[in-house]
Amino acid sequence: MPSCSTKCGRTAILKRPKTGDVLCKDCFFEAFENEIHFTITKAKLFTPNSTVAIAASGGKDSTVLAYILKLLNEKYNYQLKLLLLSIDEGITGYRDDSLETVKKNQEDYDMSLKVLSYKDLYGWTMDEIVAAIGRKNNCTFCGVFRRQALDRGAHLLKVDYLATGHNADDIAETVLMNILRGDLARLSRCTSIITDSGDGIPRVKPLKYCYEKEIVMYAYFRKLVYFSTECVFAPNAYRGHARVLLKDLEKIDPSVIMNIIQSGESIKVNQTVNMPTLTNCTRCGYVSSQEICKACVLLEGLNKGLPKLGIGKSSKVKRLLEEHSLKEKSISKNNCSNSNKTCENTIIDKDFQCLCLGKKESVQIDQLPLDKLTI
Amino acid sequence: MCSVGDDDFENDLQKVMPVIKNVILSETCNKCRARPPLVVLRSKDFYCKDCFLTGTTHKFRALLGKSRLIRPNDIVLVHHQIGHPSTALLHFLRSALDLSTPKKLQFKPVILFIDNQYHLTVKERLDILTAVEQEVNSFEFNLYFISFAKYIANPDSIEELITTHDLTISENDKDELDSLVKTKCSLTNKNDIKTLFQRQLLLDVARHLKCKFVFTPDISIDIASQLLSNVSLGRGSHISVDTGFCDDRDEIVKILKPLRLFDMKELALYNKFNKREPLCVRQPEINPYSSIQDLMKTFVNNLQSNFPATVTTIIKTGDKLTVEQTGLQICTLCKNVLSKATPQLRAEDSTNFSHLISTQIPDQSYSREERYLSLLDTFEKEEYGNKDLCYACYKISNHMMGY
């Protein structure tokens with residue numbers, strides 16, 4: 001290996017994909033941490049004396065994010081109160097294990113941890129959702145629910161910022177994907193380092209300019225404990241196209257990732273183009289471009305035994321619901337075989353069999369006591 | 001964190017990327033509903049020969065007409081290449097000029113062929129020049145030749161370079177191209193530089209021949225892959241001029257892409273029905289992983305074969321983008337408007353800072369905070385990039401001679 005580009009005299013251990021420079025371990029640590037400090041201060045991500053929830057999954061990005069935010073907070077005196085926020089999707093063999101990692105991080109970094117589960121928020125675990133919908137569109141549910149769950153969690157915890165571990169590769173991938181899908185609204189906002197989900201709690205991405213490879217190397221050399229198993233419900237192919245393309249591009253020239261972000265930041269949408277306007281969901285009040293937000297539609301589908309309701313065109317939702325209510329009228333009460341009595345729930349499958357497993361309570365999110373959500 | 005499904009659009013999959021279904025053949029043409037169909041376009045539209053030809057011609061005329069740019073008696077320089085698109089373009093033009101109805105096109109095309117097929121032998125290149133001359137003559141257009149290599153060596157003497165026949169070519173032309181760039185220049189950057197020079201060549205020739213417009217034979221897939229390449233090279237802010245119908249960067253000459261909404265199948269069938277056989281040329285073997293432009297072309301092609309809406313979606317996305325207001329400073333290489341300096345942090349700043357921090361000697365006698373502050377001080381004092389070049393051109397200028 002050649003010697004470190006900073007001419008510190010030590011032997012380099014890695015070549016930075018971002019700049020092509022080679023660095024030794026110590027110089028890499030300092031450079032990587034200072035770069036994130038540079039991003040945080042230049043983009044004015046946090047104001048002093050605020051509370052920041054770090055979205056922690058136990059994976060490499062959020063582990064490195066939590067470690068570095070704590071380190072920089074102490075070193076450069078950000079005066080932030082940091083805490084971890086995890087979402088338990090209820091995926092046996094994946095999230096239960098990764099939550100253990102998050103708990104380990106909580107002890108190591110001495111931060112408080114809140115875990116919100118899909119079960120508490122929506123009444124369904126991912127395992128149950130997959131049992132109802134199958135393995136094809138399950139990621140849709142998980143993605144929609146998680147995004148909302150994080151925001152709800154941030155709201156419950158009354159934090160000022162929600163920090164997520166999105167890295168440069170994620171952002172470049174999203175830019176490419178939004179072009180392939182022709183989604184201008186998302187294309188114009190996906191490169192923002194601060195996004196507001198409409199509820200007043202900004203989401204910030206301090207790792208926006210960090211290469212995934214460097215994050216992995218940082219975690220490895222710092223010996224950080226993180227969870228690296230893929231989700232047991234294998235990811236679907238959609239993001240796949242953009243991801244494979246980006247990996248291929250990176251092989252040809254690693255600086256492409258920064259180029260794509262630079263392009264995304266300087267793209268300007270013609271003002272004559274109609275963009276969707278954001279309103280609030282009439283049911284849950286969450287910010288949405290539709291009258292009823294995706295999460296509510298998906299949840300309604302699950303609860304009515306129409307799990308495919310939110311999958312596909314939004315225009316079909318109304319028709320499906322009308323068809324369903326007609327069917328419901330034809331069987332006035334659902335004779336539940338699980339509880340041997342008339343079931344109050346409307347959770348029935350396509351053969352009108354009750355899916356309530358004997359007992360099912362509907363959950364009102366706003367009435368959940370906060371301490372019930374704490375581990 | 002798992003980012004699959006983060007953007008809740010997997011559920012729109014069917015809408016944005018409909019998968020090809022098995023084609024069920026229709027009994028009659030979609031248009032006239034009388035004759036049996038002969039052509040299937042986009043795996044779903046069936047046309048008989050007459051309706052297909054009418055539709056294709058209409059599509060060509062409609063795009064030109066809608067723009068309302070070209071006036072009667074304007075001279076248009078047509079960049080001719082080898083292949084279906086160019087042959088179809090000549091046929092479109094000739095048949096529209098020969099009309100005796102009021103729909104007759106009123107402008108005057110002249111054709112330009114650029115000798116740049118440097119993977120071929122000199123004999124093959126000479127054969128091509130003869131064949132091109134025959135092809136263009138068969139359409140009764142005036143033809144000019146120019147050597148790309150000679151233009152690069154001597155861009156200021158267009159008058160001596162363009163010729164109507166007997167273009168002098170040599171084995172060494174390839175070296176002329178290489179002399180433009182430094183030895184370590186990647187193929188991606190070479191392609192990018194070539195594109196910039198070719199554009200300049202077309203403009204210079206057009207000005208010399210007093211043409212107000214240039215037609216290029218780019219078809220939909222070229223546009224889509226160029227758009228994605230642009231994004232990958234950091235030229236995102238220039239998408240609308242680089243891939244839009246009209247490139248109006250130059251004050252006098254506008255570059256138009258009249259075939260940008262056609263796909264290869266349409267034009268190949270158009271040529272076949274009109275009994276036109278385009279010229280063939282031995283293609284170089286291209287490794288898709290050798291450059292970003294080649295990778296993008298392969299990617300778009302593959303995606304298109306599974307999701308037929310890919311190319312149109314990409315093009316439509318590009319059409320909804322715009323450039324910053326004109327009248328600002330212009331990049332000296334690509335002639336695009338330079339982005340205004342912004343107080344917001346950009347990827348460019350982050351990369352510059354990363355490079356600085358990775359090359360500065362850390363002075364261990366200071367505390368870490370002091371080291372950071374002095375670094376920040378250096379960063380803010382230093383001037384990055386070149387104020388006459390855009391982000392992407394500055395990057396390639398490092399690989400070019402004379403910069």
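Throughout, a chain's letter reflects where its sequence line sits, starting with A, and its residues are numbered from 1.
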At a heavy-atom separation under 4.5 Å, does A:Lys251 approach chain B through its side chain, its backbone, both, or neither? neither
CG of B:Asn287: more than 12 outside heavy atoms within 6.0 angstrom? yes
Any B:Gln360 side-chain heavy atom under 4.5 Å of A:Thr6 side chain: no
Hey, what do you get for CD1 (B:Ile239) to OG (A:Ser266), rounding to the nearest 0.5 Å? 8.5 Å
Look at the aromatic rings of A:Phe38 and B:Phe379 and report parallel, tilted or perpendicular, splitting at 30° and 60°. perpendicular
Using non-hydrogen atoms only, which part of A:Ile257 is less than 4.5 Å away from chain B: side chain, backbone, both, or neither? neither
Pick from B:Ser290, B:Ser232, B:Pro288: which one has the most heavy-atom pairs with chain A under 4.5 Å? B:Ser232
Regarding B:Arg235 and A:Ser263, is there a side-chain donor-to-acceptor distance under 3.5 Å anywhere? no
Go through the atoms of A:Asn259 and report whether side chain, backbone, both or neither lie under 4.5 Å from a heavy atom of chain B. both
Inter-residue atom distance A:Leu245.CG - B:Phe299.CZ, 0.5 Å rounding: 4.5 Å
Heavy-atom pairs under 4.5 Å with chain B - which of A:Leu249, A:Thr39, A:Ile261 has more of them than the others? A:Leu249
Of the backbone (N, CA, C, O) and the side chain (C-beta and beyond), which part of A:Leu184 lies under 4.5 Å from a heavy atom of chain B, both, or neither? side chain
Test A:Val256 against every option in B:Leu295, B:Thr188, B:Ile292 by the side-chain contact (heavy atoms from CB on, under 4.5 Å) rule and name the one that passes. B:Ile292
Interatomic distance, B:Leu376 atom CG to A:Thr41 atom OG1 [nearest 0.5 angstrom]: 7.0 Å
At a heavy-atom separation under 4.5 Å, does B:Tyr289 approach chain A through its side chain, its backbone, both, or neither? both
Are more than 12 heavy atoms from other residues, nucleotides or ligands located less than 6.0 Å from atom NZ of A:Lys15? no
Examine A:His241 together with B:Phe307 and report whether their ring centres are nearer than 6.0 Å. yes
Output the residues of residues 344-351 of chain B for which the shortest heavy-atom distance to chain A is under 4.5 Å, in residue-number order; output 'none' if no such residue exists. B:Leu345, B:Arg346, B:Ala347, B:Glu348, B:Asp349, B:Ser350, B:Thr351
Spacing of B:Ser354 atom OG and A:Glu214 atom CD [to the nearest 0.5 Å]: 7.0 Å
Which atom pair, heavy atoms only, marks the closest approach of A:Ser5 to B:Ser358? CB-O, 3.1 Å
Just wondering, do B:Thr313 and A:Arg181 contact through their side chains at under 4.5 Å, heavy atoms? no
Could you tell me whether the side chain of A:Tyr76 reaches within less than 4.5 Å of the side chain of B:Arg368, counting heavy atoms only? yes
Quick one: OH on B:Tyr391 to CD on A:Glu265, what's the gap to the nearest 0.5 Å? 9.5 Å
B:Lys316 versus chain A, the contacting section by heavy-atom distance below 4.5 Å: neither
Are A:His37 and B:Glu369 close enough that some pair of their side-chain heavy atoms sits under 4.5 Å apart? no
Residue B:Asn230 versus chain A: region with a heavy atom under 4.5 Å: backbone
Check against side-chain contact (heavy atoms from CB on, under 4.5 Å), B:Leu228 and A:Leu180: CA-CA 9 Å; B:Leu228 288 175; A:Leu180 294 178; 4.2 Å; yes
Evaluate the criterion side-chain hydrogen bond (donor to acceptor under 3.5 Å, both in side chains) for residue pair B:Thr359 and A:Lys7; output intermediate values, then yes/no. CA-CA 7 Å; B:Thr359 43; A:Lys7 301 183 188 70; over 6 Å; no
Side chain, backbone, both or neither: which part of B:Leu356 has a non-hydrogen atom closer than 4.5 Å to chain A? neither
Does a side-chain heavy-atom distance below 4.5 Å link A:Lys268 with B:Ser240? no
Top of A:Ile252, A:Asp253, A:Leu187 for chain B proximity - count of heavy-atom pairs under 4.5 angstrom: A:Ile252
Do other residues, nucleotides or ligands put more than 12 heavy atoms under 6.0 Å from the CD atom of B:Glu382? yes
Over 12 non-hydrogen atoms of neighbours within 6.0 angstrom of OH in B:Tyr384: yes
Under 4.5 Å from a heavy atom of chain A, the part of B:Leu321 involved: both
